[in-house]
2 protein chains.
Amino acid sequence: MATRSIKEVARLARVSVGTVSNVLNRPEIVAPATRARVFDAIRELGFVRNEVARHLRVGRSRTVGLVVLDVANPFFADVAQGAEALADEHDTMVVLCNSGTDPNRERRHLDQLEQQRVMGILITPVDAGSPRLADLAARGTPVVLVDSAATGLQCSVAVDDRLGGQIAAAHLIERGHRRIAFVGGPPSIKQVADRRAGAAGAVEAAGGVELLDASMPMLSAAAGRAAGERVAALPPAERPTAALCANDLLALGFLQAMAACGLSVPGDMAIVGYDDIDFAAAAAVPLSSVRQPRELLGRTAVELLLEEVAHPERHRHRQVIFQPDLVVRESSALRRRD
Amino acid sequence: MATRSIKEVARLARVSVGTVSNVLNRPEIVAPATRARVFDAIRELGFVRNEVARHLRVGRSRTVGLVVLDVANPFFADVAQGAEALADEHDTMVVLCNSGTDPNRERRHLDQLEQQRVMGILITPVDAGSPRLADLAARGTPVVLVDSAATGLQCSVAVDDRLGGQIAAAHLIERGHRRIAFVGGPPSIKQVADRRAGAAGAVEAAGGVELLDASMPMLSAAAGRAAGERVAALPPAERPTAALCANDLLALGFLQAMAACGLSVPGDMAIVGYDDIDFAAAAAVPLSSVRQPRELLGRTAVELLLEEVAHPERHRHRQVIFQPDLVVRESSALRRRD
DNA sequence: AGATCGTTTTGAATCGACTCAAGCTGCGGT
DNA sequence: ACCGCAGCTTGAGTCGATTCAAAACGATCT
């Protein structure tokens, strides 16, 4: 329970606290003999620098918060790994916070992170328009939006979701599908809305194709199963022949529902997912999916943040946008006779 | 960039800093009129309490660190969700840190967490025997081992891995398999070693059964694929007829390799995984797997930690052990003729 | 008016580490 | 013997919030 402070180290080493601080921060300016004495004292006491006190003076910590919509979604795990990789190189710690698409939990996490004076926050917001984010930036905590485009008030890294939705829908249309279900999530989530808009665009451009909505209030596999059951229950004549899912968890759930309801994939129902998480390729029927550069997204977010922190004055907010691409697998392999 | 302090609030509200602090912490003892003036000032300045300074005085923050071996493994995502659920109820924040089974990264995360004076640390250690963990506890940061039993120096929550390994192996033996491959991970990881020991026990008890080792240096799907390719390359006579994988990621990779090599599952090769992550049921061939109470593991870990923090004196370290159970699915469904 | 008591408010001390101007030492040069 | 200087070390002041003994206030009673 003994919490040692710099003062005790100083006493044991028979030097002043200033010297101990120097040993810790600029060892080269301390005489070797003194330095050795201080190190001995540190070892003997098991002293650990109190970052709390340190950053009180210094102002900000070397921690960045990454707030994600769902830790259970491997997409975010991969984004986190990308972020961690670059942060590590800059001696910075990434802490992962899970909002679970709940605005209240998101707010509490943001409060906590701001109160802790983290170096910056990377966030995939539940609601990108929330003034809370602008406030944060205004009060001095840099924010980078992840997987969601900003309006100029902050940096952002994103993937072109409209384009992703469009190529996915275009692919299904090209395969001969004329009734396509869009399986989305909560309407407040921007990514989902954009993917849907992209799909709608492709449908309109094609002509003679219908886009039905089968959205759920969540973006989980369980929600996907529920959506699948609903769609499977439709009379065959009205039932869509393809589903475009807003993420792979939904798609996997949807796929399971098809199997449970005795519909074949892709024969009776083609499926395209989104994110191309590793499990998509390993599914019962390997899933076609829109691939996003997941690690790169996280890595770039940290890059932008470090840039902003390093030169707050001359920094200009940037919006980086990556291109998605479609990976076609068995779940949408068949060509439908028109 | 304006970081408002309690002092500025005090000036604007024309009271002393002590009063502002009282408004923040014990509003009931402040006269209503004064309280209102202070709140107005807080709102006007957009003041946010600096937790760093606060905890310098108070000692510890209301954050617990959860250090996991692999964020990309859904098993840990579920543990994290269990931990978060209970922590939330106690107004405590969980931050997730990823060691990626790298002892160095683990050490850096622990250093950071200790320096930040977190309330406590939940960890699935790369090496449970490391003195670093005992040091932490000795210096006043409570530690709870997750998914790994402790020796009495700290609390722990775990699942009986020997039993898990044993029932998995017994199941395969009962299904008629006589050559079983154990696909493990790095030998330092205790869970893996225990599962293997359990399997070895079952094999020995049965007699006439061989346990081959096909361990990899990682616990990822990619490692599983590599292991699968190696095993598939063996001449059919020497090739095991079943694989027991130390976790589901390995099992999924192994399964993919079987498909790629033209071996049927479970016909040519039965597979049993471990953890029963959600994706196991959705795999190309639904995976049999040893189920662990994932959320409960996280929840209980937080419970033990809160207990220790609340009554440091009277606290006695506890080791909680849960029982795993086997979920049989298609990947090990067939009975082999002897 | 003065004493008394309860309610509010005050402000100095404190937590641990950092910074920096000022002080100390010892050495070489004159 | 004295000066200058480089190399080290010192210690007071600071960051922002909390705590708590003491002061201020105001209402009530004699």
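Excluded from the calculations below are hydrogen atoms, water molecules and symmetry mates; all remaining heavy atoms, backbone and side chain alike, are included. Since the structure is predicted, the reported quantities are computational estimates derived from the model, not experimental observations. A, B, ... follow the sequence lines: proteins, then strands. Residue 1 opens every chain.
Heavy atoms of A:V30 sit under 4.0 angstrom from primed sugar atoms or phosphate atoms, though from no base atom. Among the protein residues, A:R26 comes within range of the sugar-phosphate backbone only, with heavy atoms under 4.0 Å from sugar or phosphate atoms but none that close to a base.
Mapping A:E28 and B:G18 onto DNA chain D by nearest heavy atom places A:E28 closer to the 5' end of the strand. Both B:A53 and B:N22 lie near DNA chain D, and the one whose nearest nucleotide falls closer to the 5' end is B:A53. Across the interface with DNA chain C, nearest-nucleotide mapping of A:N25 and B:I29 shows B:I29 to be the residue nearer the 5′ end.
Here C:dG16 presents its P atom at 12 Å from CZ of A:R11, a figure rounded to the nearest Å. Taking atom CD1 of B:I6 as the reference point, atom C1' of C:dT9 lies 14 Å away to the nearest angstrom. Between B:L24 atom CG and C:dT9 atom C1' there is a gap of 16 Å when expressed in whole angstrom units. Distance CG (A:N50) to P (C:dT14): 18 Å, rounded to an integer number of Å. When the P atom of D:dA17 is taken as reference, atom CG of B:L45 falls 12 Å away, rounded to whole Å. Rounded to whole Å, atom C1' of D:dA24 lies 17 Å from atom CZ of B:R14. Here D:dA17 presents its P atom at 7 Å from CZ of A:R117, a figure rounded to the nearest Å.
Comparing C:dC18, D:dC8, C:dT9 against the side chain of B:T34 picks out C:dT9 as the nearest. When each of D:dA17, C:dT8, C:dC18 is scored by its nearest atom to the side-chain atoms of B:A31, the top-ranked nucleotide is C:dT8. Of the candidate nucleotides C:dT19, D:dT18, C:dT10, D:dT18 has the atom nearest to the side chain of B:R49. Picking from C:dT9, C:dA12, D:dT10 the nucleotide with the shortest atom distance to the side chain of A:V15 gives D:dT10. Side-chain proximity of A:K7 to the nucleotides D:dA17, C:dC15, C:dC18 is greatest for C:dC15.
Between B:T19 and C:dT10 there is a side-chain N or O to OP1 or OP2 distance below 4.0 Å.
Listed here is the closest heavy atom pair of A:S148 and A:S156: O-CB, 3.4 Å.
No side-chain donor-acceptor contact under 3.5 Å links B:H109 to the backbone of B:S99.
In this structure, A:E84 does not pair ionically with A:R299, as no charged nitrogen and carboxylate oxygen lie closer than 4.0 Å. With salt bridges taken as basic N to acidic carboxylate O contacts below 4.0 Å, one links A:D40 and A:R43. One finds a salt bridge joining A:R318 and A:E307 here, because a Lys/Arg side-chain nitrogen approaches an Asp/Glu carboxylate oxygen to under 4.0 Å.
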